[in-house]
There are 2 protein chains.
Amino acid sequence: MGGKSSMHDIMNSVDILFDINNKFILLVRRAKDPFKDFWALPGGRQEPFEDLVTAVIRVMKQRLGLVVKKETSGSTTKIILPEIDKDAILHQIKTYDSGSDPRGGNTTLFALQLNVDKQKFMSLIRKGDAVLDVRLVDKSSLPKMAFDHAEFISQYYSSLKPYSEDEHNYDASKYEKPSVTVDILIFTVRNNGLNVLLIKRKTWPFKDFWANPGGFVEMDESLEETALRELKEETGVENVYLEQLYTFGSPKRDPRTRVISVAYYALVRSDFVKIKAATDAADAKWFPVDSLPNLAFDHEEIMRYALDRIRNKIEYTNIAFQLLPEKFTLSELQNVYEIILGKKIDKRNFRKKVKEIGLLKPLSENKMEGAHRPAQLFSFRENKKRTILNPGKKVYS
Amino acid sequence: MGGKSSMHDIMNSVDILFDINNKFILLVRRAKDPFKDFWALPGGRQEPFEDLVTAVIRVMKQRLGLVVKKETSGSTTKIILPEIDKDAILHQIKTYDSGSDPRGGNTTLFALQLNVDKQKFMSLIRKGDAVLDVRLVDKSSLPKMAFDHAEFISQYYSSLKPYSEDEHNYDASKYEKPSVTVDILIFTVRNNGLNVLLIKRKTWPFKDFWANPGGFVEMDESLEETALRELKEETGVENVYLEQLYTFGSPKRDPRTRVISVAYYALVRSDFVKIKAATDAADAKWFPVDSLPNLAFDHEEIMRYALDRIRNKIEYTNIAFQLLPEKFTLSELQNVYEIILGKKIDKRNFRKKVKEIGLLKPLSENKMEGAHRPAQLFSFRENKKRTILNPGKKVYS
DNA sequence: TCAAAAGTGTTACCCTTACACCCATGG
DNA sequence: CCATGGGTGTAAGGGTAACACTTTTGA
């Protein structure tokens, strides 16, 4: 294992950031070198074979005279202050290595966020071991700090994961809000297959994975407007079939923060599309839906959902028309159905139904292409509302 | 500082989770005790006074023959694999204490997420020091693991990320965020009609209007959990049919602020329900859907949407069963269909279909009620998946 | 003249719908 | 004995699905 050990006595330690009312931090003034007389986060050594959490609790007692109880469930530890009937989750924030402490060993930073009356909280605190003074300090005006504690604190506040707050307070503005994005699945028929437009992510998380295009909802636009804006940014197209698919909101679906994503899907004519890689994408490409790459986030689940919806919906609506140019042949129309449904349809039955519902306007032109009989061209009558595959069914728009 | 040190030679170590294509994990088989022959995450000791990141890179080289470069900016480290032109952020996941390793010391888990060709990646790997074998293993079928590595992996995938870090320091707070609520439309069959539960608002806006129950999405609960929580708060019921309906997000739908509402609907048995007015409601009451009062916000639109969905869905799914008690008569079942569809169904045709699909289990009991012939009771067979009204149709759950 | 796609009807089967009378019970 | 809802079968009609050969063109 690694190089030979050189038998130093390495000390690990723990530091504690008491985040009080999201305003104050509890600091202690050090009685000993290194950094004698400097302010620091309360902390101390982790004894050999001692748990990190045990060390934290011991340090609270020895440095601050603070007696707490703990309650563990799974990998979560709750710290309880019985005298003031408060509790909070003990969060492990980050482990810093020896660069930050001349004594060597690693230092693991923990944080405890409490919403309490300042006086009440401080009444529980007593100057302990190796401590000259204890004080609540406003987080925006910190004194000079020992070790790298200023850096610890600034990292804590710049990347704090949301904590849950008191349930009793119903003021919406005090609640932590999730981010809301609109993801859009853009489908087209191309190269004899159903294709979807994906973009390649160029940052963490899921760097180099392919993903559905999407973006944040602006405060003054509707969800559909967001979807249309994204669609235009990615493809340049504007008048297409667009439908809300589903809203995905698992708390952990995006590792950065809570993101709720409203998924839309669009059906576009591939000959209209000019792919433009938007700013947040390294690359953009059409993929056949039956040979997709690894997708980012939960986009595989979203994709499955969309394909189900399209295949289901094409049977009782006329959405397939969105994928055809203005003038088209009956074979082209049938081809779209076959591609989306993934199965062959009988030619005579298909044509019989198409013609009997009167949704198509026969044109006098023919499409001459290839060494075979020319095909008659048709266009759509907008007003009619019956479906092709199930003419007896109602049409749901 | 704490108790007196007892001069043990404590070893800290690092473990590395290669998260490949969001599907595979790189494991090594250990050549030495402890846990000889077991599979483990690649890892190794952190030398005294060695950086955590340096230890990680050294371990990659010694255990896996993997030569990487690093690039540090701020507290973020990027790992580069020059041979295959890939890079990824090295994430510090969590520090585990000595409980997880009999040798004592803390173990810090790092993760590296890569989207690469499996073969290409493995071509960079060579069995190294103290390693019998190296393999990419599907994350869903892990072998028995050394130490607590199975636990490490499971915590990693449940996204235990103490806080988020990103090259560009992703800062969700720089965008203004909308509020997100879940509204829930609770339907039941009661008094020979389809009814919906509404609550009376007791504050501005729409004071004294009736509205669908709803509430804010908490940061750590999924949308469905929010809906279930609201449902339980309002009605006390827990095991019901619940389905996401649609997400409403017009910028002006709530006069207070931007509120995006994810609507769910539930079908409940009215005999199970005990209406409790939650704290934010002056009153809660069942209303027949064909004589609704004025509704707050855009709740009339949401209601129309829900009724469309239910009436449509009852024809090709078995959701109606949710509205019946465990034992019921065929007339009661037919009644539910007639109430929801708002039209009469032929008794003989209905019974013929119900019986021929075998979804019902005839019971030997009768229901004796009123001055007429007793009715046979039935219960549902859960396993069958054909619909009543369109037995030929597929069933969409 | 051959390959390739366009174009064209009929039939069997199954599902849906319409329809009327007897049965068992309580009052 | 009568009012009330429970319980039962058949036939017509319509939509779906299966099936094969001719037409037109370019090479």
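What you see is a predicted model, and the numbers here were worked out from it, not measured in a lab. Every heavy atom of this structure was used, including side-chain atoms; hydrogens, water molecules and symmetry mates were not. We name chains A, B, ... by the order of the sequence lines, and we start the count at 1 in each one.
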When rounded to whole Å, the CD to C1' distance for the pair B:Glu356 and D:dT8 reads 15 Å

When you measure from the side-chain N and O atoms of A:Lys367 to the phosphate of C:dA5, is any distance below 4.0 Å, counting only OP1 and OP2?
no

Regarding D:dA20, can its base be found pairing with the side chain of A:Arg348 as donor and acceptor, where the two atoms are less than 3.5 Å apart?
yes

Rounded to whole angstroms, how far apart are CG on A:Asn366 and C1' on D:dT24?
10 Å

What nucleic acid atoms does B:Gln376 come within less than 4.0 Å of, heavy atoms only: base, sugar-phosphate, or nothing?
sugar-phosphate

All N/O pairs under 3.5 Å across the protein-nucleotides 10-14 of chain C interface:
from, atom 1, to, atom 2, distance (Å)
C:dT10, O4, A:Lys352, NZ, 3.1

Quick one: does A:Val237's side chain get under 4.5 Å of A:Lys232's, heavy atoms only?
no

Without swapping roles, check the side chain of B:Gln334 against the backbone of B:Ile345 for a donor-acceptor pair under 3.5 Å.
yes

Between atom CZ in B:Phe350 and atom P in D:dT8, what is the gap in whole Å?
14 Å

Please list, one pair per line, the donor and acceptor atoms closer than 3.5 Å that link side chains of residues 222-229 of chain A to other protein atoms, with sequence neighbours excluded.
from, atom 1, to, atom 2, distance (Å)
A:Ser222, OG, A:Glu225, N, 3.2
A:Glu225, OE1, A:Ser222, N, 2.8
A:Thr226, OG1, A:Glu221, OE2, 2.9
A:Thr226, OG1, A:Ser222, O, 3.1
A:Arg229, NE, A:Glu221, OE1, 3.1
A:Arg229, NE, A:Glu221, OE2, 3.3
A:Arg229, NH1, A:Glu233, OE2, 3.4
A:Arg229, NH2, A:Phe216, O, 3.1
A:Arg229, NH2, A:Glu221, OE2, 2.6

Closest to the side chain of A:Lys353, out of D:dC19, D:dT16, D:dT8, is D:dT16

Can a side chain N or O of B:Arg351 be found less than 4.0 Å away from OP1 or OP2 on D:dG7?
yes

Of all heavy-atom pairs between B:Leu330 and B:Phe350, which one has the smallest distance, and what is that distance?
O-CE2, 4.2 Å

Counting neighbours of CG on B:Asp138 that are heavy atoms of other residues, nucleotides or ligands and sit closer than 6.0 Å, is the number greater than 12?
yes

Rounded to whole Å, please give me the gap between CG in A:Leu333 and C1' in C:dA6.
15 Å

Expected output: side-chain B:Glu243 to main-chain B:Tyr265 donor-acceptor under 3.5 Å:
no

Atom-to-atom span, CG of A:Asn192 to P of C:dA5 - whole angstrom
11 Å

Overall bend of the helix from C:dT1-D:dA27 to C:dG27-D:dC1 (five pairs an end, 10° steps) is 0°

Please list, for nucleotides 3-5 of chain D, all pairs of protein and nucleotide N/O atoms separated by less than 3.5 Å.
from, atom 1, to, atom 2, distance (Å)
D:dT4, O2, B:Ala371, O, 2.7

Rounded to whole Å, how long is the line connecting atom CD of B:Glu369 with atom P of D:dG7?
12 Å

How about A:Phe321 and A:Tyr241: are their ring centres within less than 6.0 Å of each other?
no

Under the 3.5 angstrom rule, does the side chain of B:Arg309 hit a backbone N or O of B:Leu245 as a donor-acceptor pair?
yes

For the side chain of B:Gln244 and the backbone of A:Thr247, is there at least one donor-acceptor N/O pair under 3.5 Å apart?
yes

Rounded to whole angstroms, how far apart are NZ on A:Lys355 and P on D:dG15?
19 Å

Counting only N and O atoms by type, is there a donor-acceptor contact under 3.5 Å from the side chain of B:Asn115 to the main-chain atoms of A:Asp208?
yes

For residues 182-192 of chain A, run the donor-acceptor check on the side chains, cut-off 3.5 Å, and write out each pair with its distance to 0.1 Å, sequence neighbours left out.
from, atom 1, to, atom 2, distance (Å)
A:Asp183, OD2, A:Ser261, OG, 3.1
A:Asp183, OD2, A:His299, NE2, 3.2
A:Thr188, OG1, A:Val268, O, 2.7
A:Thr188, OG1, A:Ser270, N, 3.0

Roughly how many Å is it from CG in B:Asp346 to P in C:dA20, rounded to a whole number?
11 Å

What pairs meet the salt bridge (Lys or Arg N to Asp or Glu O under 4.0 Å) rule with one or both residues in residues 295-308 of chain A, with sequence neighbours excluded?
A:Arg253-A:Asp298

